[in-house]
Protein chains: 2
Amino acid sequence: MVKKRKLIGQTQSKIFDAATEVFEEKGYAGARMQVIADRAGINKALLHYYFRTKDQLFMAVFHVLLKKMFEKILSIFMEEATFKEKMRRFLDEHIEFLIRNPKLPLFLLNEISRNPALAEGLRETLQYSQIRDLIYEKHSKELKGYGIKKSDMPQLMITIVGMSVFPVAARDMIAIMMPQLNDSRKFNAFMQGRKDFAAGFVMTALKNRKK
Amino acid sequence: MVKKRKLIGQTQSKIFDAATEVFEEKGYAGARMQVIADRAGINKALLHYYFRTKDQLFMAVFHVLLKKMFEKILSIFMEEATFKEKMRRFLDEHIEFLIRNPKLPLFLLNEISRNPALAEGLRETLQYSQIRDLIYEKHSKELKGYGIKKSDMPQLMITIVGMSVFPVAARDMIAIMMPQLNDSRKFNAFMQGRKDFAAGFVMTALKNRKK
DNA sequence: ATTTAATTTAACCAAATAGTCAAAATTAAA
DNA sequence: TTTAATTTTGACTATTTGGTTAAATTAAAT
């Protein structure tokens, strides 16, 4: 019984891992079931045994990745700390996360853009309006001190998240314009440097903001 | 003679426009030649008459769009003005450009990411290192005053471009987390507001930067 | 050991899709 | 007006690709 489940688990997770790789690399439309099977080291029919269709396999992978990404983004902002501390922690941890998962943002942005319904399930789970209120309410004083009104929160949050996500999403385009960031060692060094740069940049902009 | 060319031009550009739409929406892998033909109002065989293969049609579209995007980004930074003025003008014009071409960034980022060789041709055309030197050399004094060293330029440039590009690329994900930006009127208003927000944010961060 | 159930495979199938071609229609040239 | 060249089409082909099925293999239960 245990052994059986272990075996199922092994095959299933081999498939799942292979599918994750291929979908992240090629997207839904570009992914091939045969390629996933090959990379998992199994027969193509076995894919359909465990995950009836390409859609179902994709959905399984997609939702795990979507959750992974959002949990990372949101968890830090739910902790107890000043906004400044949260922002710093967010940039540190999120950039580490992105260095380990460089293909994740572009994959998610794309698939959601091609089919917004994909993320529909998350809307209820997230209840972002509550989260946003929570973030703002919690830091209302601190943020007012920076001249940030409630209505400015989207601008600010998108700026902060963009600071970490954009360079990773745009990496291959950046590599064209900035050959000095071409190889991954140098790019990762750039991302490491971005922790300080982004945190300093945002804090300076906030502290000296016209109110 | 003139008429003939005009007719060719008409059909070719009908095909080209349709292909642009479909590729931008679906990406290379998700695009269908039949759909492009339908949208152009012509027979599928005519696609292959004017553009021998899907690859050739894609390449034609891709390179026009890539050029369009990069020209917009770079042209402003090549003008005669202070760095501050250029940045302001860049954010204004680039955000207007992105409002009119909302699908362009994600499309380009994706296709380049799936096949970095696609952008290979641009490397020589752009000679970014020269451009970067030019930008820095031209504004060396101004930027030093802000505590920006030559080695900080990638961080700064990526931050500025990300300010305009990221919200558009991440639009559908943002719509999930921020339902208040869901409909396009409100999102465009957000992007209009971003001209001021981003310019103010960057300038404040620069002016008060620790040196 | 034998039977039953779960897992895996090789060989197929059907639909989708890029691409072809010969002939028809249209347009330009003689 | 006739001829030649170009453009457009309908019907077709080859390949790719997601998905199926029946048989073989392995594990579990009796």
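In what follows, chains are A, B, ... by sequence order, proteins preceding strands, each numbered from 1. The analysis underlying the following values was restricted to heavy atoms, covering all of them including side chains, and did not include hydrogens, waters or symmetry mates.
Using modelled atom types, one finds no donor on one side chain facing an acceptor on the other under 3.5 Å when comparing A/Asn188 with A/Gln192.
Not counting sequence neighbours, the partners of A/Asp152 by the side chain to side chain contact (heavy atoms under 4.5 Å, CB included) test are A/Ile148, A/Lys149, A/Arg209. Qualifying side chain to side chain contact (heavy atoms under 4.5 Å, CB included) partners for B/Arg32, counting only residues two or more places apart in sequence or in other chains: B/Val35, B/Lys54. Not counting sequence neighbours, the partners of B/Phe23 by the ring pair (Phe, Tyr, Trp, His ring centres under 6.0 Å) test are B/Phe58. Under the rule for a side chain to side chain donor-acceptor pair (under 3.5 Å), the partners of A/His139 that lie at least two apart in sequence or sit in another chain are A/Lys86. Residues passing the side chain to side chain donor-acceptor pair (under 3.5 Å) test with A/Tyr28 are A/Asp55, sequence neighbours excluded. Shown here are the side chain to side chain contact (heavy atoms under 4.5 Å, CB included) partners of A/Ser140, two or more places apart in sequence or in another chain: A/Tyr136, A/Lys144.
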Return the polar atom pairs (N/O with N/O) between nucleotides 17-21 of chain C and the protein under 3.5 Å, or none.
| unit_1 | atom_1 | unit_2 | atom_2 | d |
| --- | --- | --- | --- | --- |
| C/dT17 | OP1 | B/Arg32 | NE | 2.6 |
| C/dT17 | O5' | B/Arg32 | NE | 3.3 |
| C/dA18 | OP1 | B/Ala31 | O | 3.4 |
| C/dA18 | OP1 | B/Lys54 | NZ | 3.4 |
| C/dA18 | OP2 | B/Met33 | N | 3.1 |
| C/dA18 | N7 | B/Lys44 | NZ | 3.1 |
| C/dG19 | OP2 | B/Lys54 | N | 2.6 |
| C/dG19 | N7 | B/Lys44 | NZ | 2.7 |
| C/dG19 | O6 | B/Lys44 | NZ | 2.8 |

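Around atom NZ of A/Lys84, no more than 12 heavy atoms belonging to other residues, nucleotides or ligands sit under 6.0 Å away.
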Report summary line: Output field dot_bracket for DNA chain C (Watson-Crick or G-U, both distances under 3.5 Å, | for other-strand pairs) contains ||||||||||||||||||||||||||||||

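The side chain of B/Thr11 contributes an N or O atom lying less than 4.0 Å from OP1 or OP2 of D/dT8.
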Can you give the donor-acceptor pairs under 3.5 Å from side chains of residues 64-78 of chain A to other protein atoms, not counting sequence neighbours?
| unit_1 | atom_1 | unit_2 | atom_2 | d |
| --- | --- | --- | --- | --- |
| A/Lys68 | NZ | A/Asn101 | OD1 | 3.1 |
| A/Lys72 | NZ | A/Glu93 | OE1 | 3.3 |
| A/Ser75 | OG | A/Glu71 | O | 3.1 |

List the atom pairs, with distances to 0.1 Å, where a side-chain N or O of residues 155-168 of chain A and a protein N or O form a donor-acceptor pair under 3.5 Å, not counting sequence neighbours.
| unit_1 | atom_1 | unit_2 | atom_2 | d |
| --- | --- | --- | --- | --- |
| A/Gln155 | OE1 | B/Arg194 | NH1 | 2.6 |
| A/Gln155 | NE2 | B/Phe190 | O | 3.1 |
| A/Thr159 | OG1 | A/Gln155 | O | 2.6 |
| A/Thr159 | OG1 | B/Arg194 | NH1 | 3.3 |
| A/Thr159 | OG1 | B/Arg194 | NH2 | 3.0 |
| A/Ser164 | OG | A/His94 | ND1 | 2.8 |
| A/Ser164 | OG | A/Val161 | O | 3.0 |

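Contacts between residues 57-66 of chain A and DNA chain D, defined by a heavy-atom separation under 4.0 Å, are absent. Within residues 18-27 of chain A, no residue places a heavy atom under 4.0 Å from DNA chain D.
Atom NZ of B/Lys44 sits about 12.0 Å away from atom CG of B/Leu46, to the nearest 0.5 Å.
Judged purely by atom type and a 3.5 angstrom limit, B/Thr53 uses its side chain to pair as donor or acceptor with the backbone of B/Gln56.
Rounded to an integer number of Å, the gap from A/Phe51 CZ to D/dT20 C1' is 18 Å. A/Tyr49 places its OH atom 17 Å from the P atom of D/dT25, with the value rounded to the nearest Å.
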